[in-house]
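Below is one structure, written out as structure tokens; comments come after it.
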Amino acid sequence: MAAQVFAPHYAAAVERSIGSGTVLRSGRDPGSESLATLSAGEPFELLDLIGDTAWGRAANHDLVGYVPLAALA
């Protein structure tokens with residue numbers, strides 16, 4: 001994973017899943033670019049929490065981005 005995701009530090013991802021459908025975004029701002037639509041039940045590899053936003057990898061889409069913390073199960 002370290003060869004694919006840049007971060008100021010590395011930590012083991014915490015396996016979570018999407019609890020309610022949401023949008024994976026390129027930034028924390030709700031108006032930032034939409035990268036993918038995530039459906040309930042999809043796996044999400046949580047890498048960091050920033051306020052009410054989760055940063056991680058949407059495994060089914062092989063994309064890294066931000067989702068609302070409330071969207072995780």
Here the gap from Arg25 atom CZ to Glu33 atom CD, rounded to the nearest 0.5 Å, amounts to 9.5 Å
dist Asp52:CG -> Tyr66:OH (nearest 0.5 Å) comes out at 13.0 Å
Smallest heavy-atom separation, Gly41 atom then Ser17 atom, equals O-CB, 4.2 Å
Given the options Leu72, Leu46, Leu49, Val14 meets side-chain contact (heavy atoms from CB on, under 4.5 Å) only with Leu46
(message) Any non-hydrogen side-chain atom of Asn60 less than 4.5 Å from a side-chain atom of Pro43?
(response) yes
Full working for side chain to side chain contact (heavy atoms under 4.5 Å, CB included) between Ile50 and Arg28 | CA-CA 9 Å; Ile50 306 159; Arg28 291 181 59 210; 3.2 Å; yes
**Prompt:** Does Leu63 belong to the same Ile/Leu/Val/Met/Phe/Trp/Tyr cluster as Val23, with side-chain heavy atoms less than 4.5 Å apart forming each link?
**Reply:** no
Between Gly27 and Ser32 the two heavy atoms that sit nearest each other are O-OG, 2.9 Å
dist Thr37:OG1 -> Glu42:CD (nearest 0.5 Å) comes out at 9.0 Å
Open item on the list: Please tell me whether Leu69 and Phe44 are part of a single hydrophobic cluster in this structure, the criterion being side-chain heavy atoms less than 4.5 Å apart.
Closed with: yes
Correct closest heavy-atom pair for Gly19 and Ala40 would be O-CB, 3.6 Å
Worksheet entry | Within one Ile-Leu-Val-Met-Phe-Trp-Tyr cluster: Leu35 and Leu38, side-chain cutoff 4.5 Å | yes
